[in-house]
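Only this structure's heavy atoms are used, side chains among them; waters, hydrogens and symmetry mates stay out.
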Amino acid sequence: MGLIVVLAAGGHHWLTVEALTGRLGDLSALVAGHPAWAAAAVFGVALGVAALSLPAATVVSLAAGYAFGAGLGALLSVAGGTLGGTLVFLALRRAGVGGVAGRLPGWLRPVADRPWAVILVLRLLPIMPFSAINVLAAAIRMPVPIFIIGTGLGAYPPQFLYALLGARLPALLAAGERPGLGLVLRPDVGGPLVLLVLLALVPVAIRHWRRGAES
């Protein structure tokens, strides 16, 4: 329903950064007049973007952050994206993608043994497309609860950063800066994200050290 509402309101024109920055007034009016519907629309668009594997999750988070602030905006976009990604993940499993797990290349087999680390690190770092991670998770037969929880936890920090940029969008535009991956990769913005990735890798490093000590 949220997706239908936002499309009816012309929301499909907001799926690029350039278009979003040109329609901030329309977005503000939608939120001011119908806040509940606007929140449902953000959730629905995030769901649709993830389910259809559209490269627009960043724009959704920017718009959500501008409309609702970084915290709530990121929560709405991540919740919708997690549900959409889970639908794709379940469809891939049902289609038999998980049947290739036994034929994975040797370098991927250790990945299948560490599903928590895989999903958290890949969702935290923008090194693989969201849809590609869904396929990989299905291929290694990742347990459904780990996929859902890991996607939500791993996707929230980077999407929070984008939502934070969205909340600061007017100031960024006034300063002549373009919101996007370039800003997130700046040390003052993306530094905390790198720390989170390192923390996610600590259990893997400990397990690897223990195995080396026992052998």
- Query: Does any non-hydrogen side-chain atom of Phe68 lie less than 4.5 Å from one of Leu75?
  - Reply: no
- Task: With sequence neighbours left out, write down each residue that passes side chain to side chain contact (heavy atoms under 4.5 Å, CB included) with Val135, or none if nothing qualifies.
- Result: Leu92
- Query: Are Val144 and Leu90 close enough that some pair of their side-chain heavy atoms sits under 4.5 Å apart?
  - Reply: yes
- Query: So, Arg123 side chain and Phe130 main chain: donor-acceptor pair closer than 3.5 Å or not?
  - Reply: yes
- Does some side-chain heavy atom of Ser28 sit less than 4.5 Å from a side-chain heavy atom of Tyr66? yes
- Message: Suppose the criterion is side chain to side chain donor-acceptor pair (under 3.5 Å): which pairs have a residue in residues 70-84, not counting sequence neighbours?
- Response: Ser61-Ser77
- Query: Roughly how far, to the nearest 0.5 Å, is the CG atom of Leu47 from the OG1 atom of Thr86?
  - Reply: 9.5 Å
- Message: So which atom in Leu76 and which in Ala46 form the shortest heavy-atom distance, rounded to 0.1 Å?
- Response: O-CB, 4.4 Å
- Do the side chains of Pro157 and Leu124 get nearer than 4.5 Å, heavy atoms only? yes
- Taking all atoms of both residues into account, what is the closest heavy-atom pair of Ala63 and Leu27, and its distance? O-CD2, 3.7 Å
- If you look at every heavy atom in Phe89 and Asn134, which pair is closest and at what distance? CD1-O, 3.9 Å
- Query: Does the Arg93 side chain pair with the main chain of Met142, one donor and one acceptor, at a distance under 3.5 Å?
  - Reply: yes
- Query: Can you name the nearest heavy-atom pair linking Gly150 to Leu120, along with the distance?
  - Reply: O-CD2, 3.9 Å
- Message: Give me the atom names and distance for the closest heavy-atom approach of Ile119 to Ile133.
- Response: CD1-CG2, 3.9 Å
- Item | Shortest non-hydrogen contact between Ala74 and Phe160, atoms and distance | CB-CA, 3.6 Å
- Message: Is there a side-chain contact between Val49 and Val59 in this structure, where contact means two heavy atoms from C-beta onward sitting under 4.5 Å apart?
- Response: no
- Rounding to 0.5 Å, atoms CG (Leu161) and CG (Leu165) come to a distance of 7.0 Å
